[in-house]
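Note that the coordinates shown come from a computational prediction; the quantities given were computed from them, not determined experimentally.
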Amino acid sequence: MSQDNQNQPGQAVEPQDENQLIALRREKLGEMRAAGNAFPNEFKREQYAADLQKQYVDQDKPWFDDNEVRVSVAGRIMLKRVMGKASFITISDTSGRLQIYAQIKLLGDELYESFKTWDSGDIVGVEGLLFKTQKGELTVKADKLQLLTKSLRPLPEKFHGLSDQEQRYRQRYLDLIMSEETRDTFKMRSKIVSYIRRFFEGRDFMEVETPMLQVIPGGATARPFETHHNALDIDMYLRIAPELYLKRLVVGGFDKVFEINRNFRNEGLSTRHNPEFTMIEFYQAYATFHDLMDITEELFRGLALEVLGSTEVPYQGEVFDFAKTFERISVTDSILKHNPDITADDISSLEAATALAEKLGIHVEGYWGLGKIQMEIFDVTVEKKLLNPTFITEYPAEVSPLARRNDDNDFITDRFELFIGGREIGNGFSELNDAEDQAERFQKQVAEKDAGDAEAMHYDADYIRALEYGMPPTAGEGIGIDRLVMLLTDSPSIRDVILFPHMRPE
RNA sequence: GGGGUGUUAGCUCAGUCGGUAGAGCAGUUGACUUUUAAUCAAUUGGUCGAGAGUUCGAAUCUCUCACACCCCA
């Protein structure tokens, strides 16, 4: 709280969207202030709504006549039905909903009259005995009732809720109040992250934290956010990936490490892109990209079973099968498989591939090699068709500056990307641990940067130095958590799985 | 960056051919002691996203801008 804020309680700054409804609630709050402490905090909540619903689901109405169950619950008033000398309200706490019965007989005239002025959205504490209504709904017969927090703003319509998407993203708190579906999505997200963490911990991986503020933004090809460190007087970047730091740790002898954290990329916003997004990256020494594909299948299958209870993953009208072995197919084979009119010759020489790319409407830059052009053709003609989980392998070295070259074919690397629902979900490879090759690849990246590729990598001399000490054969992978959560929660937009997605300021 | 759609009461939405701005919910007042989106009666509430233009007259037609959503690059 700002110290120079001279405003006294109750004389708050006039909000711009003040209206009749808010004004009246402010008046009610004013009366509460005059009557004593308007924001009491000594109420002790003892039970959660959902626990009680679960615990007493099998007890019938007469049971409660013989068994006194006294509870103390608290939550937000979502529904209110006043019938003269008795009322029902439905409150919502973090676990679920519970009905409260308020009678003038039990509460007394004064409290009951006051209660009738309370509004939906207000937060209340309730004590009383449990019973079941004629329709069998578990209800608390309130003998103590206290308004804990006055809500000054009216809630959205009780039946339709908040449907304006912009408002749901900008005022997520309101979306969470109104939508069980939204609450479930983020509970699911928490479960997913928790499962992933346990999965790797259970395999002796160590969780680490590496710099988010980096002097050289490395580990991926993307535009970084720039910032400045005043004391050191140097420009710094928000990280686009943790990769190079995690591999330094493998050099240091931490054979199995993982990090779940945010990356930042200074790019456009879309249903699949948010400027900050969450990735898990994990690295395992003495493993290959084949091992990673096995681990990934195991992880995804386990996750689906854990959070959905099934290996069939419904998504936007499709169903993806996580039970079957994930298809493994090379970049070039996948192009041929999904495009009967494209021949192997069309994509095996720079000239032919360039011609094909241009026919597909791709703007080919002069510095692109065959590998880059193949990937562009793949992006346009294959990616969207990869619905069931598919590992695409044999990525060109040209577009894989950190991956180990294939022993039999140095045009390609021991790398894969995982696609589900037509979207890239993961990217992994056997790591390039040849310091001299890595130095050359960095130099090539620098040349591409000079040639106009703003996303090309910087030369990271300390990373080369680390590799020169020797990194054991290692494989590493990154998985986009947000896109994974989208899949498992059947969410069409990345904004639906990020609590506070980035929007243009109001 | 390009295209499409949208923006009307606190919320969910109507608004015909350009002719005085509508409903439901919420709110307010009254009735009602087992309701279930309670019900019944009455009633308050509007810079129609912003600006300009056409017109006797614009929520409605035209243009510009803002924001959002969707599609494409």
Side-chain angles (χ1 to χ4, degrees), chain A residues 15-28 53 60-62 64-65 76-92 97-109 112-113 115-122 128-143 150-171 174-175 177-180 267-274 316 357-358 360-365 376 379-381 383-384 422 491-496 501-506:
Chain A
Q16 303 214 330
D17 55 352
E18 195 77 3
N19 64 38
Q20 199 183 40
L21 300 176
I22 296 176
L24 186 61
R25 287 178 179 225
R26 271 191 208 287
E27 239 173 75
K28 290 177 181 176
Q53 301 281 16
D60 59 7
K61 187 169 162 56
F64 291 93
D65 297 333
R76 190 184 294 277
I77 299 176
M78 300 305 291
L79 296 169
K80 193 175 170 209
R81 298 178 284 279
V82 178
M83 305 161 301
K85 298 185 171 63
S87 303
F88 288 93
I89 57 173
T90 301
I91 65 166
S92 168
R97 290 189 171 200
L98 188 61
Q99 183 167 262
I100 311 296
Y101 184 50
Q103 278 179 304
I104 194 165
K105 189 173 74 184
L106 274 176
L107 297 172
D109 290 6
Y112 188 77
E113 287 307 314
F115 158 80
K116 283 205 284 186
T117 69
W118 299 356
D119 295 295
S120 71
D122 289 354
L129 299 180
L130 285 179
F131 74 105
K132 279 199 174 170
T133 64
Q134 289 171 350
K135 293 277 171 63
E137 177 158 355
L138 188 70
T139 304
V140 182
K141 187 175 287 185
D143 50 50
K150 183 67 195 168
S151 170
L152 295 176
R153 288 176 179 270
L155 291 179
E157 214 252 3
K158 62 188 174 188
F159 186 62
H160 297 93
L162 184 64
S163 69
D164 183 81
Q165 283 204 56
E166 181 176 356
Q167 214 177 338
R168 288 179 47 219
Y169 296 146
R170 289 195 194 275
Q171 295 178 259
L174 192 54
D175 185 25
I177 288 171
M178 296 308 297
S179 168
E180 185 176 10
E267 293 162 358
L269 293 82
S270 79
T271 49
R272 290 177 293 281
H273 298 87
N274 194 61
Q316 303 293 299
E358 281 172 349
L360 291 167
I362 298 163
H363 179 68
V364 179
E365 298 285 350
E376 293 289 326
D379 285 348
V380 173
T381 65
E383 182 167 351
K384 279 197 205 89
S491 301
S493 169
I494 198 168
R495 295 188 191 98
D496 296 325
H502 285 280
M503 312 267 293
R504 200 179 287 274
E506 285 177 87

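Residue A:R170 places no side-chain N or O under 4.0 Å from the OP1 or OP2 atom of B:C67. Between A:R504 and the phosphate of B:C67, there is a side-chain N or O to OP1/OP2 separation shorter than 4.0 Å.
When the P atom is compared between B:C61 and B:U8, the two are found 16 Å apart, to the nearest whole Å. To the nearest whole angstrom, the two P atoms, one in B:A50 and one in B:A66, are 15 Å apart. Spacing between B:U34 and B:U44 at atom C1', rounded to whole Å, works out to 32 Å. Annotation: B:G27 and B:C11 have their C1' atoms spaced 12 Å apart (nearest Å). The separation of B:G45 from B:G22, taken at their P atoms, amounts to 13 Å, rounded to a whole angstrom. With both ends at atom P, the span from B:G4 to B:U16 equals 23 Å, rounded to whole Å. Using C1' as the reference atom, B:C13 and B:G6 are 13 Å apart when rounded to the nearest Å. As rounded to the nearest Å, B:C56 and B:U20 have C1' atoms that lie 16 Å from one another.
For the side chain to side chain contact (heavy atoms under 4.5 Å, CB included) test, residues two or more places apart in sequence or in another chain that qualify with A:E358 are A:T354, A:V364. By the salt bridge (charged side-chain N to carboxylate O under 4.0 Å, His left out) test, A:K80 is found to be paired with no residue, residues two or more places apart in sequence or in another chain being considered. Partners of A:Y101 by ring pair (Phe, Tyr, Trp, His ring centres under 6.0 Å), not counting sequence neighbours, listed by chain and number: A:F88, A:F131. A search for side chain to side chain contact (heavy atoms under 4.5 Å, CB included) contacts involving A:H160 returns A:E157, not counting sequence neighbours. For the side chain to side chain contact (heavy atoms under 4.5 Å, CB included) test, residues two or more places apart in sequence or in another chain that qualify with A:S493 are A:Y169, A:T271, A:R495, A:D496. A:K132 is linked by a side chain to side chain contact (heavy atoms under 4.5 Å, CB included) to A:K61, A:F64, A:L138, counting only residues two or more places apart in sequence or in another chain. With sequence neighbours excluded, the residues that form a ring pair (Phe, Tyr, Trp, His ring centres under 6.0 Å) with A:F115 are A:Y112, A:W118. Considering only residues two or more places apart in sequence or on other chains, A:D379 meets the salt bridge (charged side-chain N to carboxylate O under 4.0 Å, His left out) condition with none of them.
At a threshold of 4.0 angstrom between heavy atoms, the contacts of A:M178 with the nucleic acid are absent. Backbone-only contact: A:R495 has heavy atoms under 4.0 Å from sugar-phosphate atoms and none from a base. Across all strands, A:L21 comes closer than 4.0 Å to base atoms (heavy-atom distances). In this structure, A:K28 reaches the sugar-phosphate backbone alone: every heavy-atom distance under 4.0 Å involves primed, P, OP1 or OP2 atoms, never a base.
If you measure from atom CD1 of A:I77 to atom P of B:G27, you get 11 Å, rounded to the nearest angstrom. Rounded to whole Å, atom C1' of B:A68 lies 15 Å from atom CG of A:D175. For the pair A:L162 CG and B:C69 P, the interatomic distance rounds to 14 Å; values are reported in whole Å. Atoms CD (A:E166) and P (B:U5) sit 19 Å apart, rounded to a whole Å. Straight-line distance from the CD atom of A:Q165 to the C1' atom of B:U7: 14 Å, rounded to whole Å. Taking atom CE of A:M78 as the reference point, atom C1' of B:C25 lies 14 Å away to the nearest angstrom. Residue A:Y112 contributes atom OH, which lies 11 Å from atom P of B:C32 at whole-angstrom precision. In this structure, A:E27 places its CD atom 16 Å from P of B:G27, rounding to the nearest Å.
At a threshold of 4.5 Å between non-hydrogen side-chain atoms, the residues A:P156 and A:L174 count as touching. You'll find the side chain of A:R97 reaches within 4.5 Å of the side chain of A:L79, heavy atoms only.
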All N/O contacts under 3.5 Å from nucleotides 13-15 of chain B to the protein, with atom names and distances to one decimal?
{"from": "B:C13", "atom 1": "OP1", "to": "A:S163", "atom 2": "OG", "distance (Å)": "3.4"}

Contact list (N/O, under 3.5 angstrom) for nucleotides 71-73 of chain B vs protein:
none

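Within 6.0 Å of CD in A:E180 there are 12 or fewer heavy atoms belonging to other residues, nucleotides or ligands. When the shell of 6.0 Å around CG of A:D60 is examined, it contains more than 12 heavy atoms from other residues, nucleotides or ligands.
Not a single donor-acceptor pair under 3.5 Å links the side chain of A:D119 to the backbone N or O of A:D122.
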Inset, instruction - Apply the test side chain to side chain contact (heavy atoms under 4.5 Å, CB included) to residues A:Q103 and A:K141: give CA-CA distance (whole Å), side-chain angles for both, the deciding distance (0.1 Å), then the verdict. - result: CA-CA 8 Å; A:Q103 278 179 304; A:K141 187 175 287 185; 3.9 Å; yes
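Where A:D119 and A:L155 each meet RNA chain B at their nearest nucleotide, the meeting point lying more 5' is that of A:L155.
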Legend entry - Bracket string, RNA chain B, 5' to 3' - pairs by Watson-Crick or G-U geometry under 3.5 Å, | interstrand: (((((((..((((.....[..)))).(((((.......))))).....(((((..]....)))))))))))).
Inset, instruction - Treat primed atoms plus P, OP1 and OP2 as sugar-phosphate and everything else as base, then score nucleotides 33-38 of chain B 5' to 3': B for base contact with protein heavy atoms under 4.0 Å, S for sugar-phosphate contact only, - for none. - result: BBBBBB
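Listed candidates were B:C69, B:C11, B:C67. Nearest to the side chain of A:Q167 is B:C11.
With A:V140 as reference, A:I100 is the one residue of A:I89, A:I91, A:I100 to meet the side chain to side chain contact (heavy atoms under 4.5 Å, CB included) rule.
A donor-acceptor pair shorter than 3.5 Å can be found between the side chains of A:R81 and A:Q99.
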